[in-house]
Trainee: 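Mind looking over this structure? Questions follow.
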Amino acid sequence: MSSTSPLASAPAPHRDFIRDLVAADAASNRYGREIATRFPPEPNGFPHLGHVKSICLNFGIRDEFGGRCNLRFDDTNPFTEDIKYVEAFKRDVRWLGFEWDAELYTSDYFGRLYEIAEHLVMDGKAYVDSQTEDEIRERRGTVTTTGTASPFRDRAVDENLSLLRRMRAGDFDDGAHVLRASIDMAHPNMVMRDPLLLRIRRASHYRQGDAWCLYPLYDFAHGLSDAIEGITHSLCTLEFKDNRDVYEWLVRAAGFVRPPEQTEFARLELDYTMLSKRKLLRLVNEGFVSGWDDPRMPTIAGMRRRGVTPEALRKFCDVIGVARKPARTELATFEHAVRDDLNMRVPRVMCVLRPLKVVITNFPEGEVEWHEASSYPRDVPLTGSRTIPFSRELYIERDDFMEAPPSKFYRLAPGREVRLRYGYFVTCSDVVKDASGNVVEVHCTYDPATRGGDAPDGRKVSGTIHWVSARHALECELRLYDRLFTVPNPDDVPDGLDFVSVLNPESLVTVRNAQIEPSVAKDAPGSRYQFERTGYFVSDATDSKPGALVFNRTVTLRDSWAKIKDK
RNA sequence: UGCCCCUUCGUCCAAUGGCAGGACAGCGGCCUUUGGAGCCGCGAAUCUUGGUUCGAAUCCAAGAGGGGCAACCA
């Protein structure tokens, strides 16, 4: 995609081995049809960051090559799937900014799949196995020993067909028989040792109801579904590598010409983050988080509530790329993508997280000044401003005052002059302490000539701090989120422990008496901000109400003071 | 004691037989009404051994290391 337009929009995604492969296939018209991909989630949980990578890849290729991309729910397991997950996927794919060319369900292919099964039987390529589950496992062999044939492997075609039809008709109990592909019980690839195709399950399917008692397994359903839809490039993660042999065997045995081909890429692994649906489900079910949309969850719903934007997610996926090497990405890479996006689009406001009262002793009691404050710094090409009240009593951040400051501390201290952002220069004249010696109030004098924050005499201050007017500020609740786990790889914990043991007890710190400038009072829930000097925040879409504002911290700002302080 | 995949800066990704490059992170500096952002600079890698070649990160061989596979899950 070259662009000579001066109005060129989003930069082209980085190249990767899959895009190169698709480009070559498109150039040679290898499949004789348009490039077609699909995003094929199983609706048994909420979409998470791992799905985002797959969504960006599959839809991104569609957009780049002008083909199509289906959203297909791989709903072959009636025990785990639910319509609420289908809805979550649809909502979240759209939220990411992608629209599918068709919404499809593997379960809608059950009839077609059954027909293919009959044909495989008639061709002698599949048989009904009547062993128990344990016997089947037993005879599959191990990675170092070959398997042995089922005693039912050589059943006559007619008998297989009749059995299969009776399975379909519901004549047998669950588990009495299965349909298996007749491939090779001694195959070095375990997956090729006569994979199971259909199993009997008396279960109500969230979409098909009780129409079927025969359910296809992944290996049977996936490749054939791709082939039925005319997919050209079937992209999946590395753990399906071995299944590719079955995929190819099946689409050929079923007679598809120029069938789709599977290509595997490494799944996303992110430090301090859990991306296993099964384990995320446990966090939800056992109450470690408030739900799938808990802002600490790496689900799209959670990240959205946290304040992350779709653009940031797409940028992140572009930056991490797509490769065949299993890889773990540092959290900093993700946080950079989030900050980088938010920096250019959200207004700044002032909010004091942990208030310390400041009295401006030479400012008249009862008087209020309204100061104009730009909503964006000079290097963000957006305009907008609000007015903020200044009065005799203010709150500043407790961390912005030190009675005995170390050498690199640029903020307020006894005798020190600092700038109150968009306010005045103030100088600390006095400190009020409680009985146990804690600073409870700071007294300052202000220089009226520095209104707005500029000194006419050109003198400089070393620090600028944020503040709010005590009388006008709105008390609000802040939810300070941090990484959910204390170790980079929560999947890799010492023997005898599991990932729950490395949950971060401080992943959520709630601050109830933060003070925010009044300009945000009427903003819609879900509004995003940068709280100057502290981080990016979003008002909680469900819990924030006028008069009872709640903000979620999306991500902190980079904090170079923290590094200095730690030395 | 099998089959398959993988191995490039701390991390992620490029380089498709021809000058190992980008991003994040780190470090130093500049600038700054956010200790934010931005700008400039620095350090930082081809797993090993052998082979092919004028030339190898790239091709070949062997080894080492990492990962996947033995659900009627996907």
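Computed from a predicted model, the values in this text were never measured in an experiment. Below, chain A is the first sequence line, B the second, and so on; all start at residue 1.
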Trainee: Mind checking if A:Arg419 touches a base, just sugar-phosphate, or nothing, with heavy atoms under 4.0 Å?
Mentor: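 Result for A:Arg419 = base.
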
Trainee: Using the C1' atom as the reference point in each nucleotide, state the distance between B:G17 and B:C59 in Å, no decimals.
Mentor: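 Going atom to atom, C1' in each nucleotide, I get 8 Å.
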
Trainee: Verify the distance criterion only: is there a donor paired with an acceptor across the side chains of A:Glu372 and A:Ser385 at less than 3.5 Å?
Mentor: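 There is such a pair (donor and acceptor under 3.5 Å, judged by atom type) between the side chains of A:Glu372 and A:Ser385.
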
Trainee: Look at the side-chain N and O atoms of A:Ser560 and state whether any lies under 4.0 Å from the OP1 or OP2 oxygen of B:G36.
Mentor: yes

Trainee: Are any of A:Arg533's side-chain N or O atoms less than 4.0 Å away from OP1 or OP2 of B:G35?
Mentor: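 For B:G35, OP1/OP2 do have a side-chain N/O of A:Arg533 under 4.0 Å.
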
Trainee: Hey, does A:Ile320 reach any base, or is it just sugar-phosphate, or nothing, if we go heavy atoms under 4.0 Å?
Mentor: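 If one applies the 4.0 Å heavy-atom cut-off, A:Ile320 turns out to touch the sugar-phosphate alone, with no base involved.
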
Trainee: For RNA chain B, report each stem as range with range, ordered by first number, or say none. Use Watson-Crick or G-U wobble pairs under 3.5 Å, at least 3 in a row.
Mentor: B:2-7 with B:64-69, B:10-13 with B:21-24, B:26-30 with B:38-42, B:47-51 with B:59-63

Trainee: Hey, what's the ring geometry for A:Trp561 with A:Phe409, parallel, tilted or perpendicular (30° and 60° as the breaks)?
Mentor: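 It falls in the perpendicular class, over 60°.
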
Trainee: So A:Asn77 and A:Asn44, do their side chains get closer than 4.5 Å, heavy atoms only?
Mentor: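 Heavy-atom side-chain distance check fails, nothing below 4.5 Å.
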
Trainee: Taking B:G38 as the reference, what is the distance to B:G65 when you measure between their C1' atoms (whole Å, please)?
Mentor: 42 Å

Trainee: Can we call the ring centroids of A:Tyr529 and A:Phe537 under 6.0 Å apart?
Mentor: no

Trainee: Does A:Arg324 place a side-chain N or O at less than 4.0 Å from the phosphate oxygens OP1/OP2 of B:G67?
Mentor: no

Trainee: Calculate the interatomic distance between A:His336 atom NE2 and B:C24 atom C1'; express it in whole Å.
Mentor: 7 Å

Trainee: Which value, in whole Å, describes the distance between the P atoms of nucleotides B:C39 and B:G22?
Mentor: 14 Å

Trainee: Whole angstrom is fine here: how far is it from CG in A:Leu238 over to C1' in B:C4?
Mentor: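 After rounding, the gap between these two atoms is 10 Å.
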
Trainee: Can you tell me, in whole Å, how much space there is between the C1' of B:C6 and that of B:C40?
Mentor: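 So the two C1' atoms sit 38 Å from each other.
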
Trainee: What is the distance, rounded to the nearest whole Å, between atom CZ of A:Arg348 and atom C1' of B:U32?
Mentor: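 Result: 14 Å.
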
Trainee: Using a 4.0 Å heavy-atom cut-off across all strands, classify A:Tyr422 as base, sugar-phosphate, or nothing.
Mentor: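 Touches a base.
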
Trainee: To the nearest Å, how far apart are A:Leu342 CG and B:A37 C1'?
Mentor: 13 Å

Trainee: Side chains of A:Arg166 and A:His177: does their closest heavy-atom pair fall under 4.5 Å?
Mentor: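 Not in contact.
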
Trainee: Does a sphere of radius 6.0 Å around CZ in A:Arg278 hold more than 12 heavy atoms from other residues, nucleotides or ligands, not counting ones at 6.0 Å or beyond?
Mentor: no

Trainee: Could you tell me the separation between the OH atom of A:Tyr410 and the C1' atom of B:U34, rounded to a whole number of Å?
Mentor: 14 Å

Trainee: Ignoring the backbone of A:Glu330, work out which of B:U11, B:G36, B:G35 is nearest its side chain.
Mentor: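 Of the options given, the side chain of A:Glu330 lies nearest B:U11.
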
Trainee: Are any non-hydrogen side-chain atoms of A:His48 and A:Leu280 less than 4.5 angstrom apart?
Mentor: yes

Trainee: Please tell me if A:Lys565 has a side-chain N or O lying less than 4.0 Å from either OP1 or OP2 of B:G35.
Mentor: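 For A:Lys565, the contact criterion (side-chain N or O under 4.0 Å from OP1 or OP2 of B:G35) is not met.
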
Trainee: Generate the contact string for nucleotides 69-74 of chain B. Rules: B means base contact, S means sugar-phosphate contact only, - means no protein heavy atom under 4.0 Å.
Mentor: BBSBSB

Trainee: Rounding to an integer number of angstrom, what distance separates B:A14 and B:U53 when you compare their C1' atoms?
Mentor: 25 Å

Trainee: Using whole Å, what does the distance between atom C1' of nucleotide B:A14 and atom NZ of A:Lys325 come to?
Mentor: 11 Å

Trainee: Nearest to the A:Thr144 side chain among B:G35, B:G26, B:G2, which nucleotide is it?
Mentor: B:G2

Trainee: What nucleic acid atoms does A:Val461 come within less than 4.0 Å of, heavy atoms only: base, sugar-phosphate, or nothing?
Mentor: nothing

Trainee: Between atom CD1 in A:Ile465 and atom P in B:U34, what is the gap in whole Å?
Mentor: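 Those two atoms, CD1 and P, are 13 Å apart.
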
Trainee: Under a 4.0 Å heavy-atom cut-off, which of residues 265-276 of chain A touch RNA chain B?
Mentor: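 Heavy-atom contacts with RNA chain B come from no residue of residues 265-276 of chain A; none.
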
Trainee: Between A:Phe334 and A:Phe316, does the ring centroid distance fall short of 6.0 Å?
Mentor: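 Ring centroids of A:Phe334 and A:Phe316 are less than 6.0 Å from each other.
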
Trainee: Counting heavy atoms from C-beta on, name the nucleotide in B:A37, B:U34, B:G35 closest to the side chain of A:Ile564.
Mentor: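 Per side-chain heavy atoms of A:Ile564, the pick is B:G35.
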
Trainee: Quantified in whole Å, what is the P atom distance between nucleotide B:U49 and nucleotide B:C54?
Mentor: 23 Å

Trainee: Quick check on B:U32: is either OP1 or OP2 less than 4.0 Å from any side-chain nitrogen or oxygen of A:Arg378?
Mentor: no

Trainee: Heavy atoms under 4.0 Å, any strand shown: does A:Lys408 hit a base, just sugar-phosphate, or nothing?
Mentor: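 Base contact.
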
Trainee: Tell me if the aromatic rings of A:Tyr215 and A:Phe110 count as close, with their centers under 6.0 Å from one another.
Mentor: yes

Trainee: For A:Lys460 and B:C31, what is the distance between atoms NZ and C1' respectively, to the nearest whole Å?
Mentor: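 Atom NZ in A:Lys460 sits about 11 Å away from atom C1' in B:C31.
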
Trainee: Below 3.5 Å, does any donor atom in the side chain of A:Arg328 face an acceptor in the base of B:U11, or the other way round?
Mentor: no

Trainee: Verify ring pair (Phe, Tyr, Trp, His ring centres under 6.0 Å) between A:Tyr105 and A:Phe73, making sure each step is shown before the conclusion.
Mentor: CA-CA 5 Å; A:Tyr105 296 79; A:Phe73 291 98; 5.3 Å; yes

Trainee: Using ring centroids (six-membered ring only for Trp), state whether A:Phe46 and A:Phe89 fall under 6.0 Å.
Mentor: no

Trainee: With a cut-off of less than 4.0 Å, is there a side-chain N or O of A:Lys315 near OP1 or OP2 of B:A23?
Mentor: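 A:Lys315 to B:A23 OP1/OP2: no side-chain N or O under 4.0 Å.
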
Trainee: Classify the side chain of A:Gln530 versus the base of B:G36 as yes if they form a donor-acceptor pair under 3.5 Å and no if they do not.
Mentor: no

Trainee: Heavy atoms only, 4.0 Å cut-off, all strands: where does A:Arg193 land among base, sugar-phosphate and nothing?
Mentor: nothing

Trainee: Is A:Phe409 touching bases, backbone alone, or none of the nucleic acid, heavy atoms closer than 4.0 Å?
Mentor: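 Base: the residue A:Phe409, judged by heavy atoms under 4.0 Å, touches a nucleobase.
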
Trainee: Reckon A:Asp20 touches a base, only the sugar-phosphate, or nothing at all at heavy-atom distances under 4.0 Å?
Mentor: base

Trainee: If you only use heavy atoms from C-beta on, which nucleotide in B:G35, B:A37, B:A14 is closest to the side chain of A:Asn343?
Mentor: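 Shortest atom-to-atom distance from the side chain points to B:A37.
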
Trainee: Do A:Phe390 and A:Tyr424 have ring centroids that are under 6.0 Å from one another?
Mentor: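 Yes; A:Phe390 has its ring centre under 6.0 Å from that of A:Tyr424.
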
Trainee: Is any side-chain nitrogen or oxygen of A:His466 closer than 4.0 Å to OP1 or OP2 of B:U34?
Mentor: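 A:His466 to B:U34 OP1/OP2: no side-chain N or O under 4.0 Å.
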
Trainee: Distance check, P atoms only: B:A44 and B:G50, in whole angstrom units.
Mentor: 25 Å

Trainee: Give me the distance, rounded to whole Å, that separates B:C12 from B:C30 when you measure between the P atoms they each carry.
Mentor: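 Between the two P atoms, the distance is 34 Å.
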
Trainee: Closer than 4.0 angstrom, basic N to acidic O: yes or no for A:Arg38 and A:Glu229?
Mentor: no

Trainee: Would you say the side chain of A:Glu81 lies within less than 4.5 Å of the side chain of A:Pro43, judging by non-hydrogen atoms?
Mentor: yes

Trainee: Under 4.0 Å between a Lys/Arg side-chain N and an Asp/Glu carboxylate O for A:Arg348 and A:Glu517?
Mentor: no

